[in-house]
Amino acid sequence: MINYLDFEKPISDLEGKIHELKKLKSEDESIDTSEEIGRLETRVREAMEEIYAKLTPWQKTQVARHPQRPHFVDYAAALFTEFTPLAGDRKFSEDAAIQAGLARFRGQPVAVIGQEKGNDTKSRIKHNFGSPRPEGYRKAVRVMEMADRFGLPVISLVDTAGAYPGVGAEERGQAEAIARSTEMCLNIKVPLISIVIGEGGSGGAIAIATGNRVFMLEHAIYSVISPEGAASILWRDSTRAKEAAANMKITAEDLKALGVIDTIIPEPVGGAHRNPDAVIAKAGEVIAAALQDLSGQTGEQLRNARRQKFLEIGRNL
């Protein structure tokens, strides 16, 4: 069953009628509802295309947070083979919000890092809703160091509302851990390819997204703070998140125009959750092309180009 967003009510109503007609046909085969079902399915496609062609930034935020949107584990299972997760930061503990390890991408050895939100109550609690603690970022640093040592490209999949702001996380050096992870992204001499697959929230995202190539799914968002957080700071009213989202330039189109990301990966009409296999396959094609493009550069060239890329952001505004 699809979880419908509030602006998808016309689609929900039409698909509800289709479900009723299919149920009626299954109960009485003498009733032919195929023509009506076909007509309604055409209306669903038209309604979906019309709605998704003009999504507002706040509506895109809702799509990016959709509970059925494919997560890191879905991409890892479909795109990588021989994935071997690595646990712990060798300093404090394991943090399941960040998943990291070694794998093969189309036969090529790579290191993989990403945030996992979980897809039900139990897994969401386990993965802390995708909000990493300091030990998660220190684990990411450990894996990037290993990748750099053995010459393995790094692929990061970003999907977090932001780093965990709890007291314990701050006591264990959350800001320092994020800074160290960002620094490691800038320093490694292997290709680093990042894709924002859902939410790219604040330093919690940039800590693993400072790549040679930064891609973004069509309906993902990428921002310095969540719309709710921005509204709380600007107006002391988190209910004005919709207004904040409209002014923050958080959509893929805005960020491409600003030079923050390199390419927008198209999603199926209705969002990635409508056809996860298609969007994951497209992400795989983009990763393969980026690896091919970066394969001829030396370690120094990769590092220098990455640093220059981020120095240039905003320079011409």
> Could you tell me whether Arg172 sits above the aromatic face of Phe92, with NZ or CZ closer than 6.0 angstrom to the six-membered ring centre and within 45 degrees of the axis?
yes

> Could you go step by step and tell me if Ile261 and Lys256 meet the side-chain contact (heavy atoms from CB on, under 4.5 Å) rule?
CA-CA 5 Å; Ile261 65 169; Lys256 178 69 168 61; 4.1 Å; yes

> Nearest 0.5 Å, what's the CG-CG distance between Asp95 and Asn128?
7.0 Å

> Report the C-alpha distance between Arg142 and Glu145 in whole Å, list the side-chain angles of each, state the deciding distance to 0.1 Å, and finish with yes or no for salt bridge (Lys or Arg N to Asp or Glu O under 4.0 Å).
CA-CA 5 Å; Arg142 183 167 73 88; Glu145 284 179 335; over 6 Å; no

> Does a side-chain heavy-atom distance below 4.5 Å link Leu294 with Ile193?
yes

> Indicate the atoms forming the closest heavy-atom contact of Ser223 with Ile225, along with that distance.
OG-O, 2.8 Å

> Check for a donor-acceptor pair, side chain of Lys139 on one end and backbone N or O of Ala100 on the other, with a separation under 3.5 Å.
no

> Is Arg180 atom CZ crowded by more than 12 heavy atoms from other residues, nucleotides or ligands, each under 6.0 Å away?
no

> Please check this pair: side chain of His127 against backbone of Ala96, looking for a donor-acceptor N/O pair closer than 3.5 Å.
yes

> Do Met48 and Glu15 come close enough that some side-chain heavy atom pair is under 4.5 Å?
yes

> Among the clusters formed by ILVMFWY side chains lying less than 4.5 Å apart, do Val112 and Val196 turn up in the same one?
no

> Spell out, as yes or no, whether a donor-acceptor pair under 3.5 Å connects the side chain of Gln115 to the backbone of Gly204.
yes

> Should Lys17 and Asp13 be marked as a salt bridge (Lys or Arg N to Asp or Glu O under 4.0 Å) after you check the CA-CA gap, both sets of side-chain angles, and the distance that decides it?
CA-CA 6 Å; Lys17 292 177 182 177; Asp13 292 343; over 6 Å; no

> Would you say Arg65 and Glu199 make side-chain contact, with heavy atoms under 4.5 Å?
yes

> Going by heavy atoms in the side chains, are Pro134 and Glu176 under 4.5 Å from each other?
no

> Would you mind reporting whether Leu291 and Arg106 have side-chain heavy atoms less than 4.5 Å apart?
no

> Within a 6.0 Å radius of atom CD on Glu35, are there more than 12 heavy atoms belonging to other residues, nucleotides or ligands?
no

> Please find the pair of heavy atoms, one from Leu152 and one from Val190, that lie closest to each other, and give the distance.
O-CG2, 3.3 Å

> Side chains of Trp58 and Ile221: closer than 4.5 Å at any heavy-atom pair?
no

> Which distance, rounded to the nearest 0.5 Å, do you find between the CZ of Phe72 and the OG1 of Thr160?
13.5 Å

> Could you grab the distance from atom CG of Asn212 to atom CZ of Arg306, nearest 0.5 Å is fine?
4.0 Å

> Identify the two heavy atoms, one from Gly270 and one from Tyr52, that lie closest to each other, and give their separation to 0.1 Å.
O-OH, 3.3 Å

> Are Met248 and Ile233 in one and the same hydrophobic cluster, where Ile, Leu, Val, Met, Phe, Trp and Tyr link if side-chain heavy atoms are under 4.5 Å apart?
yes

> Relative to the ring of His273, is the ring of His66 parallel (under 30°), tilted (30 to 60°) or perpendicular (over 60°)?
parallel

> In terms of side-chain geometry, is the basic nitrogen of Glu253 or Lys60 positioned less than 4.0 Å from the acidic oxygen of its partner?
yes

> Measure the spacing between OG1 of Thr182 and CG of Asn187 and express it to the nearest 0.5 Å.
11.0 Å

> For Asn119, does its backbone N or O pair with a side-chain atom of Ser123 as donor and acceptor, under 3.5 Å?
yes

> Applying salt bridge (Lys or Arg N to Asp or Glu O under 4.0 Å), run through Glu20 and Lys23 and close with a yes or a no.
CA-CA 5 Å; Glu20 290 175 2; Lys23 184 179 179 182; over 6 Å; no

> Output the distance between atom CD1 (Ile195) and atom CD1 (Ile155), rounded to the nearest 0.5 Å.
7.5 Å

> Output the distance between atom CG (Leu55) and atom CZ (Phe7), rounded to the nearest 0.5 Å.
5.0 Å

> Do you know the tightest heavy-atom contact between Ala207 and Cys185?
O-SG, 3.3 Å

> What about Leu258 and Ile313, same hydrophobic cluster or not, with Ile/Leu/Val/Met/Phe/Trp/Tyr joined at side-chain heavy-atom distances under 4.5 Å?
yes

> State whether the side chain of Gln99 and the backbone N or O of Val73 hold a donor-acceptor pair below 3.5 Å, judged by distance alone.
no

> Identify the two heavy atoms, one from Arg307 and one from Leu186, that lie closest to each other, and give their separation to 0.1 Å.
NE-O, 3.6 Å

> Say whether Gln62 and Asp6, considering side chains only, have a donor N or O and an acceptor N or O under 3.5 Å apart.
yes

> Between Asp159 and Lys117, is any pair of side-chain heavy atoms under 4.5 Å apart?
yes

> Give the C-alpha distance, both sets of side-chain angles, the deciding distance and a yes or no for side-chain contact (heavy atoms from CB on, under 4.5 Å) between Ile51 and Gln59.
CA-CA 10 Å; Ile51 289 170; Gln59 289 170 337; 5.8 Å; no

> So do Pro109 and Leu102 actually touch side chain to side chain, heavy atoms under 4.5 Å?
no

> Under the criterion side-chain contact (heavy atoms from CB on, under 4.5 Å), I'd like the reasoning laid out for Ile18 against Val44: C-alpha separation, chi angles, the key distance, then a yes or no.
CA-CA 10 Å; Ile18 291 172; Val44 166; 3.9 Å; yes

> How about CD on Gln308, more than 12 heavy atoms from neighbouring residues, nucleotides or ligands closer than 6.0 Å, or not?
yes

> Is it the case that the side chain of Ser181 and the backbone of Ile178 share a donor-acceptor pair, with hydrogens and angles ignored and the cut-off at 3.5 Å?
no

> In terms of side-chain heavy atoms, does Asp254 have a donor or acceptor partner in Thr251 at a distance below 3.5 Å?
yes

> Do any pairs count as a side-chain hydrogen bond (donor to acceptor under 3.5 Å, both in side chains) and have a residue in residues 68-81, sequence neighbours left out, and if so which ones?
Arg69-Glu267

> For the pair Val260 and Lys249, evaluate side-chain contact (heavy atoms from CB on, under 4.5 Å) and give the outcome as yes or no after the intermediate values.
CA-CA 11 Å; Val260 176; Lys249 305 297 183 184; over 6 Å; no

> Strictly distance-based, threshold 3.5 Å: is any side-chain N or O of Asp262 a donor or acceptor partner for the main-chain N or O of Phe215?
no

> Check the hydrophobic clustering (I, L, V, M, F, W, Y; side-chain heavy atoms under 4.5 Å; chains of links allowed) and say if Val214 and Val286 are grouped together.
no

> Do Val279 and Leu157 land in one hydrophobic cluster if side-chain heavy atoms of ILVMFWY residues count as linked below 4.5 Å?
yes

> Looking only at side chains, do Thr42 and Arg39 share a donor and an acceptor under 3.5 Å apart?
no

> Of all heavy-atom pairs between Ala163 and Gln174, which one has the smallest distance, and what is that distance?
CB-NE2, 3.6 Å

